[in-house]
Amino acid sequence: MSVRQLEKTYDPTQVEERWYRFWTEKGYFRASVDRQGSPYSIVIPPPNITGSLHLGHALNTALQDILIRWHRMQGRNVLWMPGTDHAGIATQNVVERQLMAEGTSRERLGRDKFIARVWEWKAQYGGIIVQQLKRLGASCDWERLRFTMDEGLSRAVREVFVRLYQEGLLYRGERLINWCRRCVTALSDIEVEHEEITGKLYHIRYPLADDPTVHLTVATTRPETMLGDTAVAVHPDDSRYNHLIGKKVKLPLTAREIPIVGDLILVDRKFGTGAVKITPGHDFNDFEAGERHNLPRIAILNQHAQMDGSGLLDAQADPTLNLTLKPVHQARALVVEALRERGFLEKVEDHKMALGKCYRCKTVVEPYLSPQWFVKIKPLAEPAIKAVEEGRIRLIPEGWVNNYLGWMRNIRDWCISRQIWWGHQIPAWYCRSCNEDAILETSQNTFTITSDAKPVVARAAPAHCPDCSAGEFIRDPDVLDTWFSSALWPFSTLGWPEQTPELKTYYPTSTLVTGLDILFFWVARMIMMGLKFTGEVPFRDVYIHALVRDAEGQKMSKSKGNVMDPLSVMEKYGTDALRFTLAAMASPGRDIKLAEERIEGYRNFANKIWNAARFILMNLDGPREAAPPAERPFPDRWILSRLNYAIRAVNEALDQYRFDQACSHAYQFIWHEYCDWYLELVKPALQAGDSPDARRTRQTLVESFEVALRLLHPMMPFISEELWQAVPHEGESILTRPYPQSIPAWDCEAAEVAFTLLERSVTLVRTGRSLLSYPPGKSLEFHVGCTSDHDMGTLKDLKPLIEHLARGSVKHIDKIISSEGGKIVISPKFLGMHGMDMTPEGSQQSLRLTVEGLTVSIVVGSEVDLQKVLEQVVKRRGESEKEAQRIDAKLANADFTGKAPPEVVAEHEQRLRTLHQDHALLASSEQQLRAMARMRQG
RNA sequence: GGGCGGAUAGCUCAGCCGGGAGAGCGCUGCCCUUACAAGGCAGAGGUCACAGGUUCGAGCCCUGUUCCGCCUACCA
C-alpha cells in the first residue's frame with residue numbers, strides 16, 4: 001500500500017464530515033430484521049422539534065452511540081431508532097409568536113389553518129436538531145426516522161386511547177387541575193415545578209353570623225381566594241373551636257354566610273390559628289374537603305387568572321371592590337387593602353412556602369376547575385412497579401430504584417387533556433343534539449365542552465349517534481399531553497399495533513439512555529404503557545445519566561448566560577474530543593461539571609493519537625513478519641499484554657455502563673503505555689532495518705495500533721476511522737470490524753514484570769539527571785543494582801533498552817544487596833563504583849537513588865549543586881524510614897500477626913525488607929554526598 | 001416535612017472484597033531530543049468534612065453532627 005503522509009496536527013473538521021457521509025452512503029447504520037446476530041436496540045429519547053442541540057443532548061447521544069457502535073462491532077443485530085417529538089405546548093408557543101408578529105392569531109386562522117402552519121414550521125425547522133445529532137456522529141438508522149405526529153404513531157395513540165377508554169381506564173370529569181394562564185391549558189402534576197419562596201401568611205377575621213363581636217381567625221397565603229370560600233374548617237377535637245361547628249360565619253367582603261365544619265384531615269391544629277378557610281374552587285386540599293362536606297365550588301378566576309365577573313357574582317362579592325378582570329396579583333392587593341380598611345385583617349407575617357410554576361414558561365400555575373380527561377393510573381402503575389421490583393427492568397445506577405418506586409406508589413391520576421391545538425386531538429366526539437347545552441362556544445373558534453357531555457370514543461369519527469342516531473358531531477377540541485404519545489415510543493416506532501417483523505425482532509428494546517429529569521415524565525409512563533399494550537417491558541436496562549452543569553456547578557441556562565454550545569465546541573475542538581469528554585465524565589450518580597479545559601485536554605489526546613499514527617506511518621518501510629506473540633521482541637510482548645488488559649478493562653467497563661472507566665482505560669493505555677513507552681522502546685529496533693526483530697516489531701506496531709483504534713472507535717469514531725483507513729487494515733470501515741476481544745496468547749506476565757524493572761531503572765536515571773541538572777541530551781554513565789539473580793538477568797537482557805531510554809550507558813548491573821540474618825549488606829563493590837573511578841576519593845563521587853529494591857548510581861560532576869541533590873536524598877531517606885517504622889510497628893503487634901491473613905503479613909514483611917534496603921542505600925548515599933560537600937568546602 | 005446523593009491534591013473527580021492515598025487539569029523546574037510544544041522529562045502538593053464506634057487494621061463498615069446539592073410533598 002502507499003503510505004499516506006499526515007499533517008502535523010489533527011484537523012477534525014474536514015475528517016468528520018467526510019466519514020459521516022461515507023458511513024451513511026454505505027448504509028452502515030441501517031438495521032435489518034434479516035441481519036445475523038442477536039438483536040440490540042435502542043430508541044432515542046426524541047428531542048423536541050423546537051429544540052436545538054445542548055450539552056444534555058450531546059451527552060445523551062454520545063453515550064447511546066458508544067453503546068450502539070460497541071454492540072454493532074460485537075456482531076449484534078443493531079437498531080438505533082431515531083425520531084423527534086412534536087412538543088405540543090412548546091411548538092404551539094413558537095408558531096403563535098410568529099403569528100403574533102404577523103399581526104394575526106391562531107383563533108383568527110382557525111384550527112385547520114393553524115395546524116397547517118405548524119406543519120410548515122416543522123418542515124422548515126424541525127429537522128435542525130436531527131442534523132445536529134448527525135454532527136455528533138450518531139449512528140442512528142436515519143431511514144427509520146419517526147415523528148410523534150406521524151400517521152403511524154398517531155394511529156397507535158388513537159388505538160391506546162380507545163382501548164383504555166373501553167377498559168374504563170380513562171374518564172372525563174370536572175376536577176381541579178394545574179392551569180397555566182399563559183399557555184391557557186391544563187398541566188399534569190409533574191409539569192409543575194416547585195420553587196421555595198418566602199410569601200406572606202395573612203390572618204383574617206371571620207365574624208360569627210349570630211354574634212359579630214366574636215370572630216374566627218383563619219390564615220391564608222392567598223387572601224384573594226377568600227371571596228370563593230364556601231366554609232371554614234376547624235379540628236373536631238380542638239376545644240377552642242369545636243363548639244362552633246355547625247354555626248356560620250359571615251364572609252367578609254361578600255354578602256354570604258358560610259358554615260363552620262369539623263375536618264380532621266384538612267386541619268392541623270398547630271398551624272396558624274387552627275382554623276382553615278375552605279375554597280374548593282382554588283385549592284387542591286380544599287377541593288377534597290369540599291367533596292367530604294358537600295360544599296359548593298365557586299370559581300372566582302377565569303382562564304387567564306383574572307377575577308371572573310360571573311364568579312364574583314356567584315360569590316356575592318362586594319361590587320364596590322371593582323375586581324372584575326383584575327389579574328390575580330392586583331386583586332390580592334385590593335382584597336388585602338379592603339380587609340385592612342374594614343378591620344378584618346389581623347396580621348400579616350412572612351411564610352416560607354412552595355410556589356408552583358409551569359415547567360415550560362415558568363408562569364405561576366393556578367389550581368383551576370375545568371373538565372379534563374384523566375388516566376386512571378393505579379392499575380397501570382402496579383405492573384410497572386413489579387417489573388422493576390422483580391428486576392425485569394434494571395435502573396442503572398440502581399440508586400434510582402427507590403425514587404422510582406416511591407413515585408409510582410404515590411402516583412395520582414394523570415391529566416392528559418391540553419387546551420391547545422397542536423398535538424393528537426382526542427378521539428372523542430359529542431353528538432350535537434344530545435349535548436346541546438354542554439357545548440359552549442367561548443370565543444371565536446374556541447369551544448368548551450362541559451363535563452356533562454357524553455362522549456363517543458372511537459378510532460374514527462362516528463357516523464351516527466348511538467343514542468339519537470343524529471349525524472352531527474363536534475370533536476373534543478382538546479389534544480393529548482405530548483408525553484402520552486411519547487409513552488408509546490418504544491413500540492409505536494416499531495409499527496405497533498401491527499405485529500411487524502421489526503416489533504418482533506427489536507422489542508423489547510435493550511437499553512434506554514436518558515436523563516434523570518424525565519424519569520417520571522417519560523420512563524415511568526413508557527413502562528406502564530409498554531406493559532399494558534405489549535405485555536412486555538419496553539426495555540431491559542435504563543441507564544440514567546447525569547445533568548451537565550457549568551464549571552461552577554450551576555445549571556446551564558440561557559438566562560444565566562452560562563450555556564456552552566456543543567456546536568461551537570465541536571467546531572473548536574472536534575466532535576471526538578467533546579464525546580470523549582462527556583463520556584469520561586459520566587461517573588454514575590454525579591452531575592457533570594464541564595469546564596472547557598477538559599475538552600481541550602481530550603482534543604490534545606486526539607492529537608496525540610494522530611501523531612502516534614504519523615510515527616507509525618513513517619516507520620513502516622520494510623518487511624513485516626507476523627511471528628507468534630511469544631517469539632516477538634520484549635517491547636512487543638509487553639505492549640500486547642498491556643493491550644490485552646486494556647481490551648478486557650474497556651469491555652468490562654462498557655458492559656457495566658461505566659463509560660468513565662472505559663475512557664480512562666483507553667486513555668491510559670494509548671497515551672501512557674503505547675505512546676510514552678512502547679513507541680520509545682521500539683525505536684532502536686525500527687532503525688535496525690531488516691533484522692527479524694525489526695520485521696516483527698513493524699508487525700506488532702501496526703497490529704497493536706489497529707486494535708487500539710478499534711478499541712477506541714465507539715468513543716472517538718471519527719479519528720479512529722481516519723487513522724484506521726490510513727494504516728494497513730482489512731475491511732472497508734472500522735465500524736464494521738469486530739470489537740477487540742482479549743487473546744490469551746497475548747498475556748505475558750514475564751514481560752510485565754520485566755517492564756517494571758525497566759521503567760524503574762529509567763525513571764531513576766531520569767530523576768537523577770534532573771536533580772544533577774544534566775542536560776537531556778548528555779549521555780550519562782550509570783550503574784544499576786538489584787536484589788536478585790533473576791532481576792539481574794532481566795536487567796542484563798534489557799540493557800540496550802534501558803540505555804536508549806535513559807540516554808546513557810550502563811556500566812554495570814549487579815546484585816548489590818543481600819540481607820543475611822535480617823542484616824542488610826550492601827556490596828562494597830557497588831559502593832566503590834568499580835570500573836568508573838578507582839581512586840579512593842573518586843569512588844565516592846556518586847548519587848544513588850533507589851526505589852523498591854532497585855537502585856541506580858550516577859556520577860556526580862564537580863559543577864553540580866550538591867544542596868539540591870542532598871535535599872532530595874534526605875527527603876527520600878526520611879520517607880522510607882517513616883514508612884518502615886509504620887510497618888515495623890504493625891508487625892510488632894501480636895494482634896496483627898496473629899489475626900491478619902498470613903499472606904497479608906508476609907506481604908508486609910517483604911515490604912519492610914525492601915524498605916530497609918532502600919533506606920540503607922539512601923543513607924549511604926546521603927553520607928557520601930555530605931562527605932563530598934565537606935571535601936569541596938575544605 | 002420525607003427521601004436520595006455528595007464532602008478525598010489548588011480545581012474536577014476515581015478509589016473494587018477493609019490491608020502500601022490515585023488520575024486528569026492546573027502549578028514548579030528543565031527541554032523546540034528527527035511522531036507530537038495541542039509535546040517530552042522530572043517534581044511539588046492530601047488531618048480522605050467533624051465526633052464517636054466496630055476491627056489486628058477504616059477513605060471504605062456502623063451511629064451521630066455540620067455543610068452542600070437534588071428529588072419529592074396538600075401545613076392553609
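All values below were derived from every heavy atom in this structure, side-chain atoms included, with hydrogens, water molecules and symmetry-related copies excluded. Residue numbering restarts at 1 for every chain, and letters A, B, ... go by the order of the sequence lines.
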Peer 1: Mapping A/R603 and A/N285 onto RNA chain B by nearest heavy atom, which one lands closer to the 5' end?
Peer 2: A/R603
Peer 1: May I have the distance from A/E871 (atom CD) to B/G29 (atom P), rounded to whole angstrom?
Peer 2: 16 Å
Peer 1: Measure CH2/A/W610 against P/B/C36 and give the value in whole Å, please.
Peer 2: 14 Å
Peer 1: Hey, is A/E879 close enough to A/R876 for a salt bridge, meaning N to O under 4.0 Å?
Peer 2: no
Peer 1: Please evaluate residues A/H908 and A/T897 with respect to the criterion side chain to side chain contact (heavy atoms under 4.5 Å, CB included), reporting the C-alpha separation (whole Å), side-chain torsions for both, the decisive distance (0.1 Å), and the verdict.
Peer 2: CA-CA 10 Å; A/H908 277 69; A/T897 47; over 6 Å; no
Peer 1: Looking only at the side chain of A/C675 (C-beta and beyond, no hydrogens), which of the listed nucleotides B/A38, B/A35, B/C31 gets closest?
Peer 2: B/A35
Peer 1: Report the nucleotide, chosen from B/G43, B/G19, B/A76, that has the shortest atom-to-atom distance to any side-chain atom of A/K875.
Peer 2: B/G43
Peer 1: Identify the two heavy atoms, one from A/A884 and one from A/L912, that lie closest to each other, and give their separation to 0.1 Å.
Peer 2: O-CD1, 3.4 Å
Peer 1: With both distances under 3.5 Å as the test, what is the Watson-Crick or G-U wobble partner of B/G39?
Peer 2: B/C31
Peer 1: Measure from the side chain of A/D268, starting at C-beta and using heavy atoms only, and say which of B/A76, B/C36, B/G45 lies closest.
Peer 2: B/A76
Peer 1: Can you find a donor-acceptor pair, distance only, under 3.5 Å between A/K8 side chain and B/C36 base?
Peer 2: no
Peer 1: Please confirm whether the shortest side-chain N or O distance from A/H194 to OP1 or OP2 of B/U72 is below 4.0 Å.
Peer 2: no
Peer 1: B/C61 pairs with which nucleotide, Watson-Crick or G-U wobble, both distances below 3.5 Å?
Peer 2: B/G53
Peer 1: Across all strands shown, which nucleotide pairs with B/C25 by Watson-Crick or G-U wobble geometry, both distances under 3.5 Å?
Peer 2: B/G10
Peer 1: For A/D11 and B/A38, give me the distance from atom CG to atom C1', rounded to whole Å.
Peer 2: 13 Å
Peer 1: Measuring from the side chain of A/A219 (C-beta onward, heavy atoms only), which nucleotide among B/A76, B/C31, B/C36 has the closest atom?
Peer 2: B/A76
Peer 1: Using the side chain to side chain contact (heavy atoms under 4.5 Å, CB included) rule, take A/S773 and A/V864 through it: C-alpha gap first, then chi angles, then the decisive distance, then the call.
Peer 2: CA-CA 7 Å; A/S773 301; A/V864 166; over 6 Å; no
Peer 1: Closest to the A/D895 side chain: B/C56, B/A35, B/C70?
Peer 2: B/C56
Peer 1: Rounding to a whole Å, what distance do you find between A/D660:CG and B/G15:C1'?
Peer 2: 11 Å
Peer 1: Suppose we define a pair by two distances each less than 3.5 Å, Watson-Crick or G-U wobble; what does B/C48 pair with here?
Peer 2: none
Peer 1: Tell me, yes or no, whether the heavy-atom count around A/E909 atom CD, taken from other residues, nucleotides or ligands under 6.0 Å, exceeds 12.
Peer 2: yes
Peer 1: Once you apply a heavy-atom cut-off of 4.0 Å, does A/N893 come out as touching a base, just sugar-phosphate, or nothing?
Peer 2: sugar-phosphate
Peer 1: Examine B/G15: is either OP1 or OP2 under 4.0 Å from a nitrogen or oxygen in the side chain of A/R658? Give yes or no.
Peer 2: yes
Peer 1: Return the residues of residues 764-771 of chain A meeting this criterion: a heavy atom under 4.0 Å from some atom of RNA chain B. Order them by number, or give none.
Peer 2: A/R766, A/T767, A/S770
Peer 1: Counting side-chain heavy atoms from CB outward, which of B/A76, B/G43, B/G19 is closest to A/R876?
Peer 2: B/G43
Peer 1: Rounded to whole Å, how long is the line connecting atom OH of A/Y404 with atom C1' of B/G3?
Peer 2: 18 Å
Peer 1: Give each protein N/O atom lying under 3.5 Å from an N/O atom of nucleotides 22-28 of chain B, with the pair distance.
Peer 2:
from	atom 1	to	atom 2	distance (Å)
B/G24	OP1	A/H672	NE2	3.2

Peer 1: Taking only the side-chain heavy atoms of A/D676 (C-beta and beyond), determine which of B/C41, B/A76, B/A38 contains the nearest atom.
Peer 2: B/C41
Peer 1: Atom NZ of A/K277 and atom P of B/C75: how far apart are they, to the nearest Å?
Peer 2: 16 Å
Peer 1: Paired with B/G1: which nucleotide, if any, by Watson-Crick or G-U wobble criteria at under 3.5 Å for both distances?
Peer 2: B/U72
Peer 1: Could you work out which one of B/G43, B/G15, B/C75 sits closest to the side chain of A/Q661?
Peer 2: B/G15
Peer 1: In whole angstrom, give the distance that lies between atom OH of A/Y573 and atom P of B/A38.
Peer 2: 13 Å
Peer 1: Would you kindly compare A/I190 and A/S587 by the position of their nearest RNA chain B nucleotide and give the one closer to the 5′ end?
Peer 2: A/S587
